Structures are given as structure tokens and as C-alpha cells.
Amino acid sequence: MRSAVVMVALVALVAHVRCQCFSENDNLDIPASSDLSPITDFGLELFKELFPYNSTSSNFFFSPYSVWNALTLAYFGSGGNTEAELESVLRVTDKVSTLKNWRTLEFLYDMRQRNKSDYTFNLANRAYFDKSVALRPCVEEILQNELALLDFSNPIEAAEEINQFVWNTTKGRIPRLLNPADVSDARMVLTNAAFFKGTWLYQFKTSQTQKHLFYATPEDYHFVDMMSQKGNFRHGVSEELGAHILELPYTGEAVSMYIMLPPFISGENGFNAMVERLNGTLMHEAFDNMWRTQIEVVIPKFKLEQMVENELIDALSRMGINDLFSQQANLTTFAPFENLSVGKSIHKAFVEVSEEGTEAAAATAFISWRIAKPLSPEKFECNHPFLFVIYDNLTKNVLFMGAYKNPKA
Ligand SMILES: *[C@@H]1O[C@H](CO)[C@@H](O)[C@H](O)[C@H]1NC(C)=O
Ligand SMILES: *[C@@H]1O[C@H](CO)[C@@H](O)[C@H](O)[C@H]1NC(C)=O
Ligand SMILES: *[C@@H]1O[C@H](CO)[C@@H](O)[C@H](O)[C@H]1NC(C)=O
Ligand SMILES: *[C@@H]1O[C@H](CO)[C@@H](O)[C@H](O)[C@H]1NC(C)=O
Ligand SMILES: *[C@@H]1O[C@H](CO)[C@@H](O)[C@H](O)[C@H]1NC(C)=O
Ligand SMILES: *[C@@H]1O[C@H](CO)[C@@H](O)[C@H](O)[C@H]1NC(C)=O
Ligand SMILES: *[C@@H]1O[C@H](CO)[C@@H](O)[C@H](O)[C@H]1NC(C)=O
């Protein structure tokens, strides 16, 4: 299982001024928290805004946490109403505690990285400014790991440098994020790149992978490679969500994939209803109320690649972030005498789910059922649309999220 994501926001020229670092009195005594559960609703709302989830012909994959990080970088530089809008949508309370939490998480991920050799999670944030931008010295100091200067009047080199940063962070999974034309009149580029690679704690045997039918709808079905295994997994049922839930842990026991599978009672309706109801509270409740059980797990082997461009800005505007993308943008905490605003965004994501890297041979196929049937408690069979999240248990945070609806998409 691998996934990689990148989000970028490009910036054009606009209006404003003024000065003060984060506050007159940056209170560094507040305790840091590594609990990210408050931001879950940001990711779920964004998912619903970005993905036409009633479509029966498309899949989706992205990293809400990556988008959240890139916007948090903008939040640190914001002021006035731009700051208020970001604060509300990102579910943060103030810059100082947000920065402290950031640093705490950085440390935590770094520690984990060193402890577990079979588990990789890379996350990196960077705000690139044109070398002509007069940054506030205190911001340069506070965000020294995140800020970098580039010469955007040479867009080929600037794009190359950013692509290299993304390539490094995602281990080549996102080889090229930007074209020189994307940055040719940029003054600031906010970048976040994330990479996760995990091996299942309980791996699937390639000899158990067989072709089975996957039902995008009762009428639209295709043979796909389905992995299967019997094991003792955490499993649950959420009536509020209308879904069966299964946890597939990765080695290291910090990160798991949770699969939310609605019954296939009335075709697509189960999936749509589940997504409509989904919110952070219900999701955390559902994940907490699971029990271990002997169960047969059947899931497709798949790979998804996603690119989201300016639809991301449209989605975020519908969620309440407007000023940042307009002439009203107030990014005076970064640079009081510049007229910065965010004019473009690009998010790329990639996921590959497999037994553990090996190709499996195709084998027998059989049609298990066509009619509505409640899921039996002994079998968790993902042969119709489902939602999956890659979830960090310790920080209660959705790192990546996707929907697998149609193998032919
Ligand atoms: C920013 O906008 C103001 C007002 O429109 C203008 O006076 C100023 O020159 C602009 N600053 C830059 C650096 O472009
Ligand atoms: C999905 O929902 C939108 C808006 O409610 C509707 O216009 C569209 O036809 C629906 N698409 C499908 C495939 O049901
Ligand atoms: C931008 O934000 C700063 C700090 O919050 C504020 O002092 C300033 O008045 C704002 N500028 C505008 C034009 O709203
Ligand atoms: C990493 O390992 C050290 C020493 O073995 C341990 O104290 C620490 O809790 C571990 N940290 C994480 C995040 O797993
Ligand atoms: C990418 O990694 C290489 C090798 O570790 C390093 O030399 C280079 O500076 C990195 N580039 C960026 C943009 O991070
Ligand atoms: C998840 O975290 C909770 C406490 O935060 C812990 O009790 C539980 O064992 C963890 N589960 C896994 C699978 O790591
Ligand atoms: C989540 O959904 C439940 C059930 O619909 C609702 O009671 C709850 O208020 C929602 N929570 C939030 C934070 O929206």
C-alpha cells in the first residue's frame, strides 16, 4: 500500500500592508496537542465538495491532511478577515497553538520514522517566495524550515526546484507537479507533499487473489483481482452511517486502513446515503465501537491516481474560504508591503493497494449474488462501492481518503 499526495497553491499579485508577528504576545506556554480529531470535519466536508460521490463511473483519492497543511501555511501568513475565514474552516483557534501542534506532530512523525524501518510517512511543507518579496524577518525566523526563496522570473528553474522537492518527499511517486507555465508570474507557491508506504500487519497471500466480480451498479460489473484472507480483524457496524466497517492495520500499529462498506440494498443509494451522513463525530464513534472477530476479508487490488486543480479552490470557497483567493486576501503577516493572494491550486494523489507488491495470477470467477442481501457477519466482501481512509490512530487523523466505485473508471 503506497500513497502520495501533493498540494500546491500558486499566488499572484494583489493588495495590502501592515506588521506584527503572530500576536503582540505570542504565548508559548500553551501545551501542545497531537490530537487532530477536530480537523476531521474539514477533510470530510472537502471530500463531499470535491467528489461527485453519486457518480457511478468514477473513483476518487486525495489527502485532506495535505490540503490542510498547505492552507495552514497560508493561515500563518494571514491577517484580518482572511485569517478569520481560514481559522473557521481549518478548525484551528490561534496561530501560536497551531504552530506548536505542528512542531509536535513533526517531531512525532520523525520519531516514528526512525523507529519503524518497514513503515514510511513523509510530510513536508514549503512556502516558496519570489526573491523580490520583502518577508517579515520574524516570520522568516519562525518558519525557517518552511520558507524558501526562488527566482520566479526564471520559471523553468523555479518549477524544477519545486518538482524536485516534491519528488524527494514522495520518493518519486509524484514525479512532476508543476509546469514552468504554472509558476511564470508567481510570487508565492505553497507546497505540501505527503508520502505513505505501509505493509499490512496481516498480509494477503498472492495465491489467494482471484478474479471476482465487482458491482459498480447491479447492471455494471467487471472482473477484478480480489485479494482475500481469513483473520481476526476489528470489525463494526454503524447504523447511523449505514455501513459495515473493517480495520486493516499496517505494521507499526499506528496507522490503519478503515473500510466503510454500505450494504448494496438499493444499488448506489447505500453509498450516497452513507457519504451524506458521514461526519467526524460519527466516524470516530464508529471507529471506537469495533470488536475483534474472525472474518473473511475480500477486497480489490487497486491503484488510483488523482489530479485536482482549481476545483479545489471552488470547493474551498463553498466551504467559506473566499478572501484568500481574491483581491481581498490579507497575507500581511508574511509580507506587509506585498499584494499576495492565492490564484491557483494543484493537488495530485496516488494510491496502490496490493497484497504486498507482487502481481497475482488470475484464476476462477464466480458470480456470488445479484440481489439485495445483508452482509453476512462472517464475510467482509468489498465487491461494490466503498469508502476507505488511511487513518493515524495516535493523532486521530485522516491522512488519505478515497472512494472505490468502479474498476473501469
Ligand atoms: C499593492 O497594492 C497597492 C494598492 O493597490 C499599491 O499601492 C501598491 O503599490 C501595491 N504593492 C505592490 C508591492 O505591488
Ligand atoms: C448526482 O447529483 C446531482 C445533483 O443532485 C444530479 O444533478 C446528478 O444527476 C446526479 N448524478 C447521478 C449519476 O445520479
Ligand atoms: C490585514 O490584517 C492585519 C492583521 O490582522 C490588520 O491589521 C489589517 O488591517 C488587515 N488589512 C486589511 C486591509 O484588512
Ligand atoms: C521510539 O522508540 C523509543 C525508544 O525505543 C520509544 O521510547 C518511543 O516511544 C518511540 N516513539 C514512537 C513515536 O514510536
Ligand atoms: C532532494 O534530495 C537530494 C538528495 O537527498 C538533495 O541533494 C536535494 O537538495 C533535495 N532537493 C530538494 C529540492 O529538496
Ligand atoms: C489506537 O489508539 C488507542 C489510544 O489512543 C489505543 O488504545 C489502541 O490500542 C490503538 N489501536 C491500534 C490499532 O493501534
Ligand atoms: C454528525 O451527525 C450526527 C447524526 O446525523 C449529528 O447528530 C451530529 O450533530 C453531527 N455532528 C456534527 C459535528 O455535525
Side-chain angles (χ1 to χ4, degrees), residues 11-27 35-49 53 64 68 71-99 133-139 142-143 187-188 236-243 245 258 260 262 269-289 318-342 387 389 391 396-398 401:
V11 168
L13 212 75
V14 194
H16 312 296
V17 191
R18 209 165 290 171
C19 212
Q20 67 187 175
C21 214
F22 282 177
S23 67
E24 282 302 333
N25 169 29
D26 290 355
N27 175 8
D35 180 357
L36 285 169
S37 56
I39 74 172
T40 307
D41 280 314
F42 165 77
L44 297 180
E45 264 182 38
L46 186 57
F47 174 81
K48 295 183 201 189
E49 290 290 346
Y53 54 86
W68 184 86
L71 288 171
T72 299
L73 211 40
Y75 169 63
F76 290 136
S78 68
N81 193 49
T82 306
E83 178 177 354
E85 287 181 353
L86 285 165
E87 213 156 77
S88 154
V89 175
L90 297 176
R91 273 78 171 176
V92 291
T93 52
D94 67 279
K95 289 179 186 170
V96 178
S97 67
T98 305
L99 184 63
V133 170
L135 287 170
R136 288 174 67 224
C138 77
V139 170
I142 282 179
L143 296 174
R187 314 225 44 221
M188 168 180 97
V237 181
S238 167
E239 280 180 27
E240 291 91 343
L241 278 180
I245 301 164
Y258 284 86
M260 290 172 249
N269 297 341
F271 185 87
N272 292 344
M274 173 182 78
V275 173
E276 264 150 35
R277 292 187 203 121
L278 189 60
N279 68 29
T281 315
L282 287 185
M283 197 185 85
H284 288 118
E285 265 172 29
F287 290 1
D288 285 344
N289 288 294
R318 291 194 292 274
M319 289 166 68
I321 301 177
N322 292 294
D323 282 10
L324 181 65
F325 308 119
S326 76
Q327 303 276 319
Q328 269 68 51
N330 185 338
L331 291 169
T332 53
T333 303
F334 277 149
F337 306 112
E338 309 283 341
N339 299 320
L340 300 172
S341 78
V342 174
L387 205 62
V389 301
Y391 183 79
K396 301 188 198 306
N397 183 30
V398 175
M401 168 169 189

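Just follow the structure's listing: the first ligand is 1, and inside any ligand the first atom is 1. Just so it is clear, the structure is predicted and the values come from calculations on it, not from any experiment.
Using a 4.5 Å heavy-atom threshold, the side chains of L46 and W68 count as separate. Counting heavy atoms from C-beta on, the side chains of V89 and L71 never come closer than 4.5 Å. Looking at M283 and L278, their side chains come closer than 4.5 Å, going by heavy atoms from C-beta outward. Side-chain contact check for N289 versus I245: every heavy-atom pair is 4.5 Å or farther apart.
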What are the distances between nitrogen or oxygen atoms of ligand 7 and protein nitrogen or oxygen atoms, counting only those under 3.5 Å?
unit_1	atom_1	unit_2	atom_2	d
ligand 7	2 (O)	N279	ND2	2.3
ligand 7	11 (N)	N279	ND2	2.9
ligand 7	14 (O)	N279	ND2	3.4

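In terms of polar-atom proximity, N330 is counted as a contact of ligand 3, with an N or O under 3.5 Å from an N or O of the ligand.
Residues passing the side chain to side chain contact (heavy atoms under 4.5 Å, CB included) test with D35 are S33, S37, P38, K396, sequence neighbours excluded.
Close approach to T332 involves these atoms of ligand 3, each under 4.0 Å from a residue heavy atom: 1 (C), 2 (O), 3 (C).
No donor-acceptor pair closer than 3.5 Å links the side chain of T40 to the backbone N or O of G280.
Using the six-membered ring where Trp is involved, Y258 and F287 have ring planes that are parallel, under 30° apart on the 30 and 60° scheme.
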